[in-house]
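Worksheet: one structure, shown below.
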Amino acid sequence: MAKKIKKFRPKARLPKGFRDIGPVELRQTQAMLKKIGAVYEAYGFEPIETPAFEYTDALGKFLPDTDRPNEGVFSLQDEDDQWMSLRYDMTAPLARHVAENYQDIAKPYRRYTWGPVWRNEKPGPGRFRQFMQFDADTVGTANIAADTEICMLAADTMEALGFSTSEYKIHVNNRKLLDGALEKAGIDPADDGNLGLRQTIFRSLDKYDKFGLPGVEELLGPGRADESGDYTKGAQLNSEQIKIFLDFLGSAKDSRVSTLDQLSELLGDTKAGEEGLAELREMDALLRSAGFDETRIQFSPFIVRGLDYYTGPVFEAELTFEARNDDGELVRFGSVGGGGRYDDLVARFTGQRVPATGFSLGVSRLQAALTHLGRKDGDEVLAPVVVLVMDREEQPHYQRMVQDLRAAGIRAEMYLGTSGMKAQMKYADKRGAPCVVIQGGDERAVGEVQIKDLAEGLRLSKDIEDSDTWRESRPAQFSVPEAELVSAVQGVLDRIRNET
RNA sequence: GCCGCCUUAGCUCAGUUGGUUAGAGCGCUAGAUUGUGGAUCUAGAGGUCCCUGGUUCGAGACCAGGAGGUGGUACCA
């Protein structure tokens with residue numbers, strides 16, 4: 001018997017599309033959340049938190065005949081067999097919250113929220129199955145001023161995060177203009193019968209930034225063959241219809257007013273188009289008066305946004321610069337946030353139309369962009385000072401030193417391992433400790449401690465080649481009376497802070 | 001989902017027309033140095049050559065299927 005019993009050992013591995021986040025990034029995320037939140041607070045939004053799970057039907061995923069909810073969401077069945085799903089954005093949970101508490105909420109209701117969202121999709125570069133969104137919404141007013149404020153908020157947030165005006169752009173379009181273009185092309189935007197066609201057209205227009213006008217033209221027409229993979233079926237429009245949409249895309253001008261003039265010429269005689277234009281004219285006036293010109297907020301007919309629940313203005317925040325990744329490949333960050341007016345979302349629950357508008361920022365993507373630009377957040381935390389344990393039986397004494405340092409607001413720790421001094425030095429080095437505190441028998445006998453500045457020591461080591469000198473000269477190391485431990489360490493830290 | 005590419009040490013990779021004992025750099029551990037992180041030198045540990053089957057006297061290499069990764073495309077509420 002008792003041969004080798006095979007013990008099951010799970011392989012330590014992350015689920016695909018998920019990732020662990022280390023201390024540096026985590027601290028940066030926290031700093032970003034704080035900055036974004038400050039802008040939102042200044043605009044008068046209030047924080048709220050909703051849970052990660054919602055009932056699947058509340059998320060707007062209808063269960064078809066299959067026994068599992070749509071792909072794209074992570075779902076599981078509750079003990080009473082009800083399907084629950086991890087939220088895939090912050091908007092649907094908000095709509096649920098508003099519908100559930102409709103009586104008690106003062107309208108217009110303005111709130112912001114942030115947290116992880118999950119999407120069960122194929123991960124790609126910079127695309128994960130869990131990522132963080134920061135959201136602001138105004139619920140309960142159809143006033144276009146609410147949409148305008150959301151755009152202003154988005155622009156101000158980008159700048160608060162450290163992007164300059166030339167590095168981002170807030171694009172604004174209006175679904176009503178798209179409806180006007182449909183109308184012009186003889187496609188009834190209100191007819192459910194051509195919903196599929198409308199979606200195909202919208203998707204084609206949305207590819208403008210990816211494939212350009214010729215690509216969109218193919219997609220609106222017969223279809224587009226791509227080099228690798230399959231053939232994308234087109235919308236099968238005729239050339240007159242296609243021309244309408246291409247003209248529509250081409251009406252983007254540098255100034256908001258000229259864009260509106262151009263669009264007016266194209267769609268002014270359609271009902272939906274005229275409505276959309278009127279809304280954008282109002283936005284332009286509000287923006288102009290608030291000091292937001294077209295270098296920050298632009299009217300861009302090519303912005304579509306995939307969601308069919310949008311009913312009016314739609315927005316997108318774009319990063320306009322390019323960067324290179326570690327392999328030297330060109331990286332475009334592109335869209336880092338989006339939103340729009342969704343007047344029918346709450347009505348799904350209550351039957352009562354509740355106008356709403358909102359915006360989501362992709363925090364993780366913004367963070368990746370900031371990192372690429374080398375804009376780490378300034379308040380980098382220093383690693384702890386390490387107090388070496390030269391004699392195990394003196395640990396209580398070392399522990400007190402550590403506690404004195406902590407009481408002075410200095411991150412500090414006693415070496416908790418059981419290895420010798422050399423290993424302890426290596427530990428402190430790897431840890432990135434600014435300095436170590438050394439007290440062996442010699443120092444203790446005269447009531448002193450040695451403080452070694454590790455960064456300075458490394459610098460001095462450049463000129464030392466043989467190890468005897470390196471060890472014996474004890475570079476960047478000095479002795480102080482034990483009573484002056486805290487102030488001496490503080491002095492070293494102050495010097496390091498001033499250098500960086 | 002569809003198409004292409006890739007998979008050899010912890011990491012980055014080399015490995016000839018199929019040939020016997022599979023390598024390098026970096027990293028890691030130890031020593032030179034029993035109280036000093038660096039540099040240098042020396043030694044060492046570390047491998048299911050992704051898996052399964054096939055071809056062959058012989059497969060890390062060739063063939064088929066599968067898995068995983070990756071790039072593009074589709075979808076993205």
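Convention: sequence-line order gives letters A, B, ...; per-chain numbering from 1.
- With P as the reference atom, B:G27 and B:U40 are 9 Å apart, rounded to whole Å.
- One cannot find a donor-acceptor pair under 3.5 Å joining the base of B:G35 and the side-chain atoms of A:K452.
- Note on A:D442: a base of the nucleic acid sits closer than 4.0 angstrom, heavy atoms only.
- Nucleotide B:A14 forms no Watson-Crick or G-U wobble pair with any nucleotide shown, as no partner meets the under 3.5 Å limit on both distances.
- Of the N and O atoms on the side chains of A:H397 and A:E482, at least one donor lies less than 3.5 Å from an acceptor on the other residue.
- Rounded to the nearest Å, the gap between the P atom of B:G53 and that of B:G15 is 28 Å.
- Residue A:Q424 is classed as having no contact, given no heavy-atom separation below 4.0 Å to the nucleic acid.
- Taking atom CZ of residue A:F74 and atom C1' of nucleotide B:C76, one finds them 13 Å apart after rounding to whole Å.
- No donor-acceptor distance shorter than 3.5 angstrom exists from the side chain of A:E121 to the backbone of A:G72, with no hydrogens or angles considered.
- When the P atom is used for both B:G23 and B:G60, the distance is 14 Å, rounded to whole Å.
- Only the C1' atoms considered, B:C49 is 15 Å distant from B:C62, to the nearest whole Å.
- Side-chain proximity of A:R119 to the nucleotides B:C76, B:G37, B:U36 is greatest for B:C76.
- At the heavy-atom level, A:L460 lies nowhere under 4.0 Å from the strands shown.
- Base pairing of B:U56: no nucleotide in any strand meets the Watson-Crick or G-U wobble criterion (both distances under 3.5 Å).
- Residue contacts shown for A:Y427 are absent, as no nucleic acid heavy atom lies under 4.0 Å away.
- Distance, A:M425 CE to B:G35 C1': 10 Å, rounded to whole Å.
- Pair assignment for B:U36 gives none, since no Watson-Crick or G-U wobble pairing has each distance under 3.5 Å.
- Comparing B:A74 with B:C63, their C1' atoms sit 32 Å apart, to the nearest whole Å.
- Closest approach to the A:T232 side chain among B:U73, B:G38, B:U36 is made by B:U73 (side chain taken as heavy atoms from C-beta onward).
- In this structure a side-chain-to-backbone donor-acceptor pair under 3.5 Å is missing from A:D468 to A:R471.
- Heavy-atom nearest nucleotides on RNA chain B were determined for A:R305 and for A:D429, and the one closer to the 5' end corresponds to A:D429.
- In this structure, of B:G38, B:C75, B:G37, it is B:C75 that holds the atom nearest to the side chain of A:R203.
- Rounded to an integer number of Å, the gap from A:W470 CH2 to B:A32 C1' is 17 Å.
- B:G1 is paired with B:U73 under the Watson-Crick or G-U wobble criterion, all donor-acceptor distances under 3.5 Å.
- A:K233 comes within 4.0 angstrom of nothing in the nucleic acid, heavy atoms only.
- The listed nucleotides are B:C76, B:A74, B:G37; the one nearest the side chain of A:F211 is B:A74.
- Remark: B:U21 base-pairs with no nucleotide; criterion is Watson-Crick or G-U wobble with both hydrogen-bond distances under 3.5 Å.
- Within 4.0 Å of A:L388, counting heavy atoms only, lies no atom of the nucleic acid at all.
- Between the side chain of A:E443 and the base of B:G35, at least one donor-acceptor pair of N or O atoms lies under 3.5 Å.
- Judged by Watson-Crick or G-U wobble contacts below 3.5 Å, the nucleotide B:G65 has B:C51 as its partner.
- A straight line from NZ of A:K426 to P of B:C28 spans 7 Å, rounded to a whole angstrom.
- For A:P189 against A:R198, the heavy-atom pair with the smallest separation is O-CZ, 3.0 Å.
- To the nearest whole angstrom, the two P atoms, one in B:C28 and one in B:U55, are 47 Å apart.
- Side-chain atoms of A:R400 and A:Q403 form no donor-acceptor pair, as typed in the model, at a separation below 3.5 Å.
- Nucleotide B:C41 forms a pair with B:G31, judged by Watson-Crick or G-U wobble geometry with both contacts under 3.5 Å.
- Taking atom P on both nucleotides, B:A9 is separated from B:U48 by 8 Å, rounded to a whole Å.
- A:G457 comes within 4.0 angstrom of a nucleotide base, judged by non-hydrogen atoms across all strands.
- Checked by distance alone, A:R127 brings a side-chain donor or acceptor within 3.5 Å of a matching partner on the base of B:C76.
- Put simply, the side chain of A:S467 and the base of B:U33 share a donor and an acceptor less than 3.5 Å apart.
- Across the protein-nucleic acid pair, A:E472 atom CD and B:G35 atom P stand 14 Å apart, rounded to whole Å.
- With hydrogens and angles left out, the side chain of A:K422 and the base of B:U36 share no donor-acceptor pair within 3.5 Å.
- A:S360 and A:D135 share a donor-acceptor pair across their side chains, judged by distance under 3.5 Å alone.
- Checked against the 6.0 Å centroid threshold, A:Y415 and A:Y398 do not count as a close aromatic pair.
- Under a 3.5 Å cut-off, the side chain of A:R305 and the backbone N or O of A:Y310 do not form any donor-acceptor pair.
- For A:K122, no side-chain nitrogen or oxygen approaches OP1 or OP2 of B:U73 to under 4.0 Å.
- For the pair A:R224 CZ and B:A74 C1', the computed distance is 12 Å after rounding to whole Å.
- For the pair A:K16 NZ and B:A67 C1', the interatomic distance rounds to 11 Å; values are reported in whole Å.
- When the P atom is used for both B:C11 and B:C5, the distance is 25 Å, rounded to whole Å.
- Within the 4.5 Å cutoff, no side-chain heavy atoms of A:Q439 are placed close to those of A:M390.
- Residue contacts shown for A:K430 are limited to sugar-phosphate atoms, with no base heavy atom under 4.0 Å away.
- Rounded to whole Å, atom P of B:U33 lies 7 Å from atom CZ of A:R471.
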